[in-house]
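FYI, side chains are in, hydrogens and waters are out, and symmetry mates aren't considered; it's all heavy atoms of this structure. Order of the sequence lines sets the chain letters (A, B, ...), proteins ahead of strands, with each chain counted from 1.
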Amino acid sequence: MELAKAYNPKDVEDRIYEFWEKNGYFKPESQIYLNPDEKQFVITIPPPNVTGTLHMGHALTAATEDLMTRYHRMKGARTLWVPGTDHAGIATQAVVEKKLAKEGKHRRDMSRSDFIEEVWAWKEYSHGVITNQSKKLGISVDWNREAFTMDENLSLAVRTAFKRMYDKGLIYRDTRMVNWDPVQLTGVSDLEAITEDEGEPGHLWHVRYPIQTNRWEGPRHAWGSGQWAEGASHFITVATTRPETILGDSAVMVHPDDERYTDLIGCRAILPVLGRWTPIICDEAVQKDFGSGAVKVTPAHDFTDYEVGKRHHLQFIEVLDQHAKMNAEAGPYVGLDRFECRKRLVKDLEKEGLLVKTEDYQVRLARGERSGAVIEPRISMQWFCNMKDMAARAAAAARPDADDKKAITIVPERFEKVWFQWLDNIRDWNISRQLWWGHQIPVWYVAEGSESSQGSEGSNVKNVANLSNLQNRPSQYCELTELEAYAKARADWGDDVTLVQDTDVLDTWFSSGLWPFSTLGWPKETPDMAQYYPTTMLETGYDIIFFWVARMVMMGLELTGKVPFDTIYLHGLIRENDGKKMSKSRPEKAVDPLDMIDAYGCDALRFYLITAGAPGNDIKVEVKTVDGKKQVERIEGARNFANKLWNAARFVLGKVESSSSSESAERYEPANLANQWITARANETILNVRRLMDEYQYGEAGRLIYEFTWNDFCDWYVELAKLDFDRETAEVTVRTLDTILRLLHPFMPFITEELWQKLREVASSKFKLGSLDYPALILAPFPQTNSFSERMSEEESRSVELIVKTQMHILQEVITQIRIVRSEYKLTPDKKIAATISTAIGPDAELLKLHFEAICVLARVDSSQLVIGQLLPAPDKVVSVQMGSRWLYLPMAGLVDLAAEKKRLSDELAALEQAIVKGENLLNSDFGKRAPTNVIEKEKAKLVDAQQKIGQLKERLASM
RNA sequence: GGGCAUGUAGCUCAGUUGGUUAGAGUACCGCAUUGACAUUGCGGGGGUCACAGGUUCGAUCCCUGUCAUGCCCACCA
């Protein structure tokens, strides 16, 4: 069998992926090894947006979920991982509009259906890109069950969900203040209005409004004349960051307890520019100590003021249109953009002597998540979802019930707090968007005739069907299809009725909220729904816990009556060197996962991502740029690990292939120490890895496998095996490699599958290994501990393993100590040295004699000059190393400096004596009285050990 | 304003029920290149576990406070 000298992922990855996919190994129906004790494992992928390409966050998601999926599949759980993509309404529409703009086209010049057709075409293309990239990441999803949020069935799911919630009164339409994005011309939810904590540089303008008095009833000169406020004697000063909204003011308010203004309450302030009077009112919403303590109130353009306006029955005066331009109410500023208007208004205020001062101020601006445009609070008619009860149930699902069991477990646990905090303070969800791409709201209105128009975008349908309201007949119908809507409407209105569908679409997260069940066929009662719902695991980044996870739980409970999954595992975010979230807007620091795969291989990238941190913790990717190429040292380290494994396997396969033995032993029962030891260590590793994996400690599990593979298997075991590669050793080597490959498969699927296939080819005819009886590693069982000897119970096995590990430790220590001295004396490996090992008592001598050759080879000792025996006297001029009850004497080819050696030993002696003093003090302190017995015993044992060493050291020094 | 997380070796990070000598990778230093692998081997140096208190026989770990950093939520104009 020919294996390349170094592992080349490019020769392997695509071929192996195709092998898995062609054979249908990702499907639950293909699983051969099924363990009836394992609960089935079902997970749905967080559907990537069809807006572009995958980034490092997706790679982390893929690595984590594929790890989980492969692990459960190998454990014998019936396992399904459902893939899919999200139509991502607002994001996709923005991308396509941008693309059209480059071609000189604009959405508003197209019909809705033509535009949607463009988006579909683009979606097809983008979907292909994403699918290819997903395959590069190695995800073992069942592609036959792939879903898209706008597939026919998933759209039916959306309409069904909407109708059920509508009929129940959970979904309603209302006119209220929403976050308005004046660039994308749609309302967005609270979660999509992003506010930076530190705010943005801006100004706080202090403006004084004249107060109406008997002598001065209002301006006598035109605005801009510079004499507008002439004659006014009293003023009230307010502070604002948005002076243009002055035009929409309908009150000035102060705090009821603010004595400075008591006299002014009830007076009239005259609004700059328009000269309209507004009342001065009092309300608790005012912070006395901010600014002047008086606030302007703009009920139509500010959330707080909206509430104040309702409380005090103020006028709601809109001065901004949907593009955030000043409308006719703005008097002289009509038609101006809000920011232009602000500039001019400030100038004019100054001219009129009404600008008291201008302060620099960090303004906490809300910006649209996608457009980046400054959000303009605006009153509009939208669809809302009442979240209160749904949120209460979702919160309860994560709280322990009477039996102390939680319907949903959140990992890591700390995210429970955020979960409860958000759900317990939930507000209604604005679910309508004034977009074209998405699920159009399944509500039809009775039109005033077929010519009834829906108006242009951004406008709501409030003008339609007002007439019908008066006639005591339903004016709107929520149905699954237009046909059904017409059927209902005709019954009420007669055959001539014309219906017009609501033009809005639903927030993209509405359909995402149905994902775990809509992908399985809901609302239809499909076999998949019956078999795989509720699902098991929801894995995603913690940044979308509210957007997505909470809504899935709420909608799952509402619509299916069940929690959609029992575990939520949240991973961290990918960050740059400086801790900022990695994004394409800073390309010099951003890392493309495909570049990393190209440079290091998919397995290396994945192993890195899994072992880079702990659950829920962010991962900082340290990027270096060398010769224009981005490098990540830790991925390089993972690549080296893959290569190490590759070469270890190359060695094993070569040895096994050339070994003549073909008969497997009756029993598997290794007799030699190295074989016993590696078996013991494999068992230990298997136990720990299984435990850690079941506790979601994937990083720790990966590190254990790394350590076992490199340190134990490659550095010690294989080196020892080389000495005498007999039949038993061949079998143990094959078994151990098989174990490593199976343990590592969920972490590094490609290289392990490739090597395992080769191992099976070479070894399955020579050894009886049940684990090799599978067509592919992906379907093979995850390792179980082997009983150490088939005649022993597990328990006996473990205790023998302990002895074996102790023995091996002695051998390792002897070899290591010789190496250390060699290194101190700077001996080159070609220089073989003499060594005497003096053992005090017991079987030590036998053990070491048995491994005479190992010591000679691994520690570079001259076999004719290695002496092992009981209580041998020290030769002259040697370095002496004490190891427990053993002494190691190394003449070092006459290089030993006796004086230095004496000093070394006395230093050691001094250190030991110090340790004794410390230990005795410790035992004589309260520690000796209060610490648990086993801890005290340990300390005492240490003391005894040290005392013994001191005695020996003294003897040795005396003899020198 | 409320909340969460992080602070451990030059760098990136582990350290899950507190046990007295704190680990890994990488970088660094020394030695070694026909013998599975230089994407390597062998050896080495490097940390008052942010700081200050407290609980405890004992604290990187638990509690309180401080500082620094990152993030989330909330209508301070």
Side-chain angles (χ1 to χ4, degrees), chain A residues 3 5-7 190 195 197 204 238-242 245 253 285-287 289-292 294-298 302-308 361 363-364 377 412 414-415 417-418 421-422 425 542-543 545-546 572-573 575 577-581 600 604 608 611-614 616-622 632-634 636-655 695 697 699-700 703 706-707 714-715 718-719 722 816 819-824 826-830 858-860 915 918-919 922 925-932 934-936 938-939 942:
Chain A
L3 253 73
K5 206 171 168 202
Y7 173 55
D190 296 335
T195 323
D197 278 344
L204 190 59
V238 298
T240 180
T241 56
R242 298 190 297 157
T245 60
M253 68 176 168
V286 182
Q287 305 281 320
D289 48 2
F290 187 92
S292 62
V295 193
K296 59 191 275 314
V297 183
T298 320
D302 182 276
F303 283 98
T304 310
D305 294 359
Y306 180 75
E307 295 302 322
V308 172
Y361 190 70
V363 187
R364 305 215 38 215
R414 65 170 183 269
F415 287 107
K417 281 200 178 167
V418 208
Q421 196 191 324
W422 191 72
N425 298 295
Y542 66 72
D543 53 335
I545 184 166
F546 307 136
L573 308 183
R575 298 193 179 280
N577 305 20
D578 55 8
K580 291 264 183 319
K581 195 170 165 180
Y600 305 112
Y608 158 69
T611 56
N617 285 5
D618 293 347
I619 296 173
K620 231 187 276 182
V621 181
E622 189 79 1
V632 179
E633 275 174 357
R634 281 193 64 158
E636 202 175 313
R639 188 270 316 261
N640 295 351
F641 177 51
N643 190 57
K644 186 73 182 175
L645 177 67
W646 178 264
N647 274 291
R650 193 158 78 99
F651 170 77
V652 173
L653 291 172
K655 280 287 192 187
E695 291 170 359
Q697 305 286 334
E700 274 299 292
R703 284 185 281 272
Y706 178 100
E707 205 176 307
C714 293
D715 290 347
V718 170
E719 290 309 314
K722 280 175 184 170
T816 305
R819 284 171 173 171
I820 290 172
V821 177
R822 287 186 62 106
S823 182
E824 274 169 9
K826 302 213 184 303
L827 291 190
T828 57
D830 57 310
L858 298 187
R860 313 297 294 164
K918 202 181 151 197
L922 185 64
S925 71
D926 286 348
F927 173 86
K929 292 171 215 151
R930 304 224 187 167
N934 60 329
V935 179
I936 291 177
K938 242 164 93 183
E939 282 305 311
K942 269 199 232 166

Rounded off to whole Å, could you give me the [atom1]-to-[atom2] distance for the [X] and [N] pair?
X      : N     : atom1 : atom2 : result
A:L858 : B:G43 : CG    : C1'   : 15 Å
A:R575 : B:C72 : CZ    : P     : 8 Å
A:R860 : B:A32 : CZ    : P     : 14 Å
A:E633 : B:C28 : CD    : P     : 9 Å

Could you go over nucleotides 60-65 of chain B and give all protein N or O partners under 3.5 Å, atom names and distances?
none

Distance check: side-chain N/O of A:K918 vs OP1/OP2 of B:U21, anything under 4.0 Å?
yes
A:N643 side chain to A:Y7 main-chain N or O, any donor-acceptor pair under 3.5 Å?
yes
Donor-acceptor pair, distance only, cut-off 3.5 Å: does the side chain of A:R819 make one with the backbone of A:R860?
no
Pick the closest RNA chain B nucleotide for A:D190 and for A:R639 by heavy atoms, then say which residue is nearer the 5' end.
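On the 5' side of the pair lies A:R639.
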Suppose we define a pair by two distances each less than 3.5 Å, Watson-Crick or G-U wobble; what does [N] pair with here?
N     : result
B:C31 : B:G41
B:U26 : B:G10
B:U66 : B:A50
B:U56 : none
B:G1  : B:C73

Quick check with a 6.0 Å cut-off and a 45 degree axis cone: is A:K644 positioned over the face of A:Y706's six-membered ring?
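Checked: cation-pi criterion not met.
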Using atom names, set out every protein N or O paired with an N or O of nucleotides 45-48 of chain B below 3.5 Å, distance rounded to 0.1 Å.
none

Is A:K722 side chain donor-acceptor paired with the B:A36 base, going by distance under 3.5 Å alone?
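Answer yes: a donor N or O sits under 3.5 Å from an acceptor.
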Please evaluate the base of B:U16 for a donor-acceptor partner in the side chain of A:Q697 within a cut-off of under 3.5 Å?
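By the distance-only test, yes, there is a pair.
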Using atom P of each nucleotide, how far apart are B:A22 and B:A9 to the nearest Å?
14 Å
Taking the P atom in each of B:U40 and B:C4, what is the distance between them to the nearest angstrom?
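Result for the P pair: 44 Å, nearest Å.
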Assess, by modelled atom type and distance only, whether the side chains of A:N640 and A:Y600 contain a donor and an acceptor separated by less than 3.5 Å.
no
